[in-house]
Amino acid sequence: MAFRIGKSVMLNFGTNLEPIFIFAGLAFLLLIGPLLRWYVLAMTKPNYKLSKSFFLEIIPFLVVFILSLFIREKWFDTKNEIIIVLFGGVLIGIYIHFAFYIFMSWRILKNIKKEYKNSEQTKSQKVIIYWLGILLIGFAIIWVSYFFNIIENTVPYITGPIMYAIAVYFLSFKAFQLKVTDIDGNAFVKNDDSAVFSKMVKLIVENKLYLEPYTSLSSVSKLIGKSTQKVSEIINQYAKQNFNDFINYYRVQEAKKMLSDEDKKKYTISSVAFDSGFSSLSSFNSAFKKFEGQTPSSYRKKVFFE
């Protein structure tokens, strides 16, 4: 990126720039494409490693870069039509090559989005998908600015390096903000978290564990054979609640049944609280108001007097 920007600035403001710098700069576009695709793969595939065959993708870069070392300025001074056509063909080929890799990278991201469309995404997965989307948009904008430049100078040449610089600074800021350096493709490791959550809900509901005042994160973790940290993460991910709110939700639903039951109309609020699994009246009132937006007494009055 830095080499490309430097070459473009010198070409725009300098004079008699050696062709070696022009072609070397163009050659790096042939390297940026594969690197982009590899990066997207590394961010979406667990334990991703490059195979030897992948290095075949940098052959175009090596060929053009090595040939650029032998190009001489006098070849272009002659205004030889063959050289001009050849240069134009190589230039268009390089930009098509770059566009192809942006497209391939987009296909990888699209497939990941499709795969996880109907499943609950972790925070890391959401960050990666969002980040790669921004990254590819940035590369697409850069490509458009440079491509239009070679079509009869549709836009000023300096637009390219300016867009490069803006994109690099913006993407660097977003990468820092999203902390993408702390995550990778391992965020997409297949796991049984969804099955564990379903098993846990079934266990708690069918056995009415929420009615036990001493049901804790530790006790539930032991029952399903997972660590307390893992169970807490699963509840946060799938229920969008911490463990206490998760259990209290079922307790409040049980309390609502009791408060609206004609046969239990004479039960005191304290009795309902303890029978629904709460260990204190204050915690019951707080939880009930949190989920229902009113106190247990107000709820009962609405049921029987409205």
Side-chain angles (χ1 to χ4, degrees), residues 1-2 28-62 65 97-140 142-143 167-168 170-201 217 220-222 224-240 243:
M1 282 287 191
F28 274 97
L29 277 179
L30 295 171
L31 181 61
I32 293 173
L35 288 176
L36 174 63
R37 192 176 82 88
W38 297 341
Y39 176 73
V40 173
L41 285 171
M43 292 296 284
T44 55
K45 304 293 182 183
N47 302 313
Y48 177 75
K49 292 182 180 180
L50 284 174
S51 62
K52 292 181 179 180
S53 61
F54 274 62
F55 288 100
L56 294 174
E57 296 181 55
I58 68 172
I59 290 178
F61 159 72
L62 293 174
F65 183 77
H97 177 274
F98 190 21
F100 170 76
Y101 273 96
I102 293 175
F103 173 74
M104 291 298 293
S105 300
W106 172 79
R107 284 284 301 273
I108 296 169
L109 180 59
K110 181 183 177 182
N111 290 336
I112 286 294
K113 286 183 176 180
K114 185 178 180 180
E115 182 178 351
Y116 287 84
K117 182 179 180 180
N118 298 318
S119 60
E120 191 72 25
Q121 295 177 7
T122 65
K123 183 179 179 180
S124 295
Q125 290 171 348
K126 289 179 180 178
V127 167
I128 290 174
I129 291 173
Y130 174 69
W131 158 247
L132 292 180
I134 294 176
L135 183 67
L136 293 179
I137 289 173
F139 272 90
I142 292 171
W143 183 89
V168 168
F170 176 75
L171 292 173
S172 297
F173 168 75
K174 294 302 292 184
F176 174 77
Q177 186 183 51
L178 296 171
K179 299 181 179 179
V180 294
T181 55
D182 297 333
I183 51 180
D184 55 26
N186 288 323
F188 292 93
V189 171
K190 300 293 183 181
N191 55 53
D192 60 347
D193 288 357
S194 179
V196 171
F197 180 72
S198 298
K199 176 183 177 182
M200 179 169 54
V201 171
L217 177 61
V220 172
S221 299
K222 289 179 180 179
I224 61 176
K226 298 289 182 180
S227 68
T228 55
Q229 182 181 356
K230 185 62 178 179
V231 172
S232 179
E233 289 176 356
I234 292 174
I235 292 174
N236 288 334
Q237 179 182 346
Y238 292 95
K240 308 299 183 185
F243 178 79

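- Considering only residues two or more places apart in sequence or on other chains, Trp106 meets the side-chain contact (heavy atoms from CB on, under 4.5 Å) condition with Phe103, Lys110, Leu136.
- Two residues are said to be in side-chain contact when any heavy atoms from C-beta on lie closer than 4.5 Å; Phe139 and Tyr101 fail this criterion.
- With sequence neighbours excluded, the residues forming a side-chain contact (heavy atoms from CB on, under 4.5 Å) with Lys222 are Ser218, listed by chain and number.
- Lys126 is linked by a side-chain contact (heavy atoms from CB on, under 4.5 Å) to Gln121, Lys240, counting only residues two or more places apart in sequence or in another chain.
- Remark: Tyr116 pairs with Phe188 by the ring-ring contact (aromatic ring centres under 6.0 Å, His included) rule, at least two apart or across chains.
- The line from CG of Leu30 to CD1 of Ile59 is 12.0 Å long, rounded to the nearest 0.5 Å.
- Take Ala167 and apply the side-chain contact (heavy atoms from CB on, under 4.5 Å) test, not counting sequence neighbours, and it matches Ile142.
- The shortest distance between side-chain heavy atoms of Ser232 and Asn236 falls below 4.5 Å.
- Every residue was checked against the side chain to side chain donor-acceptor pair (under 3.5 Å) condition with Tyr48, not counting sequence neighbours, and none meets it.
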Show every donor-acceptor pair shorter than 3.5 Å between a side-chain atom in residues 171-181 and any protein atom, with sequence neighbours excluded, or say none if there are none.
{"unit_1": "Ser172", "atom_1": "OG", "unit_2": "Val168", "atom_2": "O", "d": "2.6"}
{"unit_1": "Lys174", "atom_1": "NZ", "unit_2": "Gln177", "atom_2": "OE1", "d": "2.7"}

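- For Glu115, the salt bridge (Lys or Arg N to Asp or Glu O under 4.0 Å) partners at least two apart in sequence or on another chain are Lys190.
- Taking the side chain as every heavy atom from C-beta outward, Leu135 and Leu36 approach each other to under 4.5 Å.
- Under the ring-ring contact (aromatic ring centres under 6.0 Å, His included) criterion, Phe61 pairs with Phe28, Phe65, sequence neighbours left out.
- No side-chain heavy atom of Leu29 sits under 4.5 Å from any side-chain heavy atom of His97.
- Applying the salt bridge (Lys or Arg N to Asp or Glu O under 4.0 Å) test to residues at least two apart or on different chains, the pairs with a partner in residues 30-48 are Arg37-Glu57.
- Applying the side chain to side chain donor-acceptor pair (under 3.5 Å) test to Asn186 and every residue at least two apart in sequence or in another chain returns Asp184.
- Put simply, the side chain of Lys230 does not reach to within 4.5 Å of the side chain of Val196, judged on heavy atoms.
- For Trp143, the side chain to side chain donor-acceptor pair (under 3.5 Å) test picks out no residue, with sequence neighbours left out.
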